[in-house]
Amino acid sequence: MLSIVIPAFNEEKNVSKCLDALCRQSTDQKFEVILVDNNSTDNTVGMAKEFSEKLNLKIVKQEKKGRSPARKKGFDVARGEIIFSTDADIVVPYNWIHEMVSCFEDENIVAVTGRCYIDDCNWLTNKIFNTFHPLAMHLYRVFFGHYWLNGFSFAVRASVYTKSGGFDSELNVQEDVDLAIKLSKLGKIEFLGKAPVHFSGRRFNQHGLLKGLWPYLKSFRFYRQGNKAEAYLSDVR
């Protein structure tokens with residue numbers, strides 16, 4: 001049994017594509033999908049309910065706003081031996097579950113995280129981002145000794161997640177980086193180059209690539225400095 005946790009806040013325009021991609025997975029593994037409604041004010045939940053007969057879908061609510069509280073809520077109710085994390089504006093490829101699960105054949109691996117790509121910005125932004133992301137992952141490993149976890153695409157052994165202490169619900173952002181630090185002390189985190197997920201470039205279309213990335217970089221700096229209160233994103237999506 002596998003579990004897939006999806007936090008969602010006002011994603012009525014994207015959640016159907018996200019869930020439809022999970023319906024199309026080429027896997028024999030049984031899995032549940034846990035959508036965590038983080039106080040959406042639109043029709044996110046209504047759109048998700050349309051998939052109740054296609055997926056083993058559970059919808060839960062987390063009133064405390066933020067990615068970390070939302071992910072933690074989903075992980076707390078998950079029943080799978082391996083728990084996946086993605087986002088409501090992500091479209092995963094058909095072989096996502098298969099490729100991620102295959103990494104766990106190595107008993108030393110406690111978690112695996114995947115790549116992403118964008119194709120909805122101008123060609124230069126797409127090219128820079130799609131080149132930069134895997135490069136940044138490898139550079140991070142050089143400097144910090146392990147890969148970080150991408151909240152939009154990772155999976156972890158449930159037993160190790162529990163042993164690590166799980167997500168810090170006081171964090172607004174960088175919850176996946178925080179969890180990776182905990183997990184890295186318990187085993188190996190693998191970076192999967194195959195099966196990249198489609199990532200929404202909407203933030204970059206609105207602000208440009210550098211301005212779109214800056215809030216994440218700034219929150220990472222505050223997090224690494226131990227100033228969790230300043231590690232904050234006003235847009236939790």
Side-chain angles (χ1 to χ4, degrees), residues 5-11 14 38 64-72 85-92 111-156 164 166-185 189-193 196-237:
V5 175
I6 308 171
F9 171 70
N10 287 354
E11 292 287 2
N14 298 299
N38 202 195
K64 185 175 182 178
K65 195 171 182 179
R67 299 181 186 191
S68 192
R71 290 196 206 281
K72 179 174 172 54
S85 173
T86 190
D87 292 328
D89 62 345
I90 294 294
V91 176
V92 302
V112 56
T113 191
R115 286 179 51 216
C116 71
Y117 70 95
I118 61 172
D119 62 8
D120 52 351
C121 297
N122 64 66
W123 71 269
L124 182 59
T125 297
N126 292 342
K127 182 67 174 179
I128 293 173
F129 180 88
N130 294 339
T131 301
F132 171 78
H133 178 255
L135 177 61
M137 294 290 297
H138 292 303
L139 287 175
Y140 184 94
R141 183 175 182 272
V142 169
F143 284 105
F144 297 104
H146 63 88
Y147 292 110
W148 83 72
L149 295 176
N150 293 303
F152 53 75
S153 180
F154 81 79
V156 59
S164 75
F167 288 112
D168 182 349
S169 61
E170 297 306 311
L171 285 172
N172 169 269
V173 70
Q174 302 297 338
E175 77 286 351
D176 40 12
V177 171
D178 183 71
L179 179 61
I181 293 172
K182 298 174 183 176
L183 293 175
S184 69
K185 299 174 183 177
I189 298 174
E190 181 72 7
F191 176 57
L192 178 66
V197 303
H198 181 265
F199 186 84
S200 172
R202 57 187 173 179
R203 183 183 293 274
F204 311 133
N205 275 323
Q206 183 178 0
H207 303 294
L209 182 59
L210 291 179
K211 286 186 178 180
L213 287 173
W214 176 244
Y216 292 100
L217 297 174
K218 185 170 68 172
S219 68
F220 175 74
R221 176 169 62 89
F222 283 127
Y223 168 77
R224 294 299 304 191
Q225 292 174 343
N227 190 351
K228 295 183 179 181
E230 294 295 328
Y232 179 81
L233 281 181
S234 58
D235 177 4
V236 296
R237 293 181 294 170

Give the minimum heavy-atom separation between Gly201 and Cys121, together with the two atoms involved.
O-SG, 3.4 Å
Can you tell me how far CG of Asp168 sits from CZ of Arg71, rounded to the nearest 0.5 angstrom?
14.0 Å
Determine the minimum heavy-atom distance between Asp176 and Leu149, stating which atoms define it.
CB-O, 3.0 Å
What are the two closest non-hydrogen atoms of Phe167 and Ser68, and how far apart are they?
CB-OG, 3.7 Å
What are the two closest non-hydrogen atoms of Gly151 and Ser85, and how far apart are they?
O-OG, 2.7 Å
Matching residue for Phe152 among Thr113, Val92, Val197 - test: side-chain contact (heavy atoms from CB on, under 4.5 Å)
Val197
Say you draw a straight line from CG of Asn126 to OH of Tyr117; how long is it, rounded to the nearest 0.5 Å?
10.5 Å
If we ignore hydrogens and angles and just use 3.5 Å, is the side chain of Arg67 paired with the main-chain N or O of Val173 as donor and acceptor?
no
Can you tell if the side chain of Asp120 reaches within under 4.5 Å of the side chain of Phe204, non-hydrogen atoms only?
no
Pro7 vs Asn38 side-chain heavy atoms within contact, under 4.5 Å
no
Does the Asn122 side chain pair with the main chain of Thr125, one donor and one acceptor, at a distance under 3.5 Å?
yes
Identified side-chain contact (heavy atoms from CB on, under 4.5 Å) partner of Ile6 from the options Asp89, Thr86, Asp87, Ile90:
Thr86
Show the nearest heavy-atom pair for residues Pro69 and Gly66, with the distance to one decimal.
CD-O, 3.3 Å
Does atom NZ (Lys64) have a neighbourhood of more than 12 heavy atoms from anything else shown, all under 6.0 Å?
yes
What's the separation between atom CD in Gln174 and atom CD1 in Ile181, rounded to the nearest 0.5 Å?
9.5 Å
Salt bridge flag under 4.0 Å for residues Lys72 and Glu170
no
Would you tabulate the side-chain donor-acceptor contacts of residues 134-145 under 3.5 Å, counting partners in other chains and residues two or more places apart, or write 'none'?
from   : atom 1 : to     : atom 2 : distance (Å)
His138 : ND1    : Tyr147 : OH     : 3.1

Nearest atoms (heavy-atom pairs only) where Lys182 meets Ser164:
CD-O, 3.5 Å
As an exercise, state the distance from CZ of Phe154 to CG of Leu179, rounded to the nearest 0.5 Å.
5.5 Å
Run the side-chain contact (heavy atoms from CB on, under 4.5 Å) check on Tyr223 and Leu171 step by step: do they pass?
CA-CA 9 Å; Tyr223 168 77; Leu171 285 172; 4.2 Å; yes
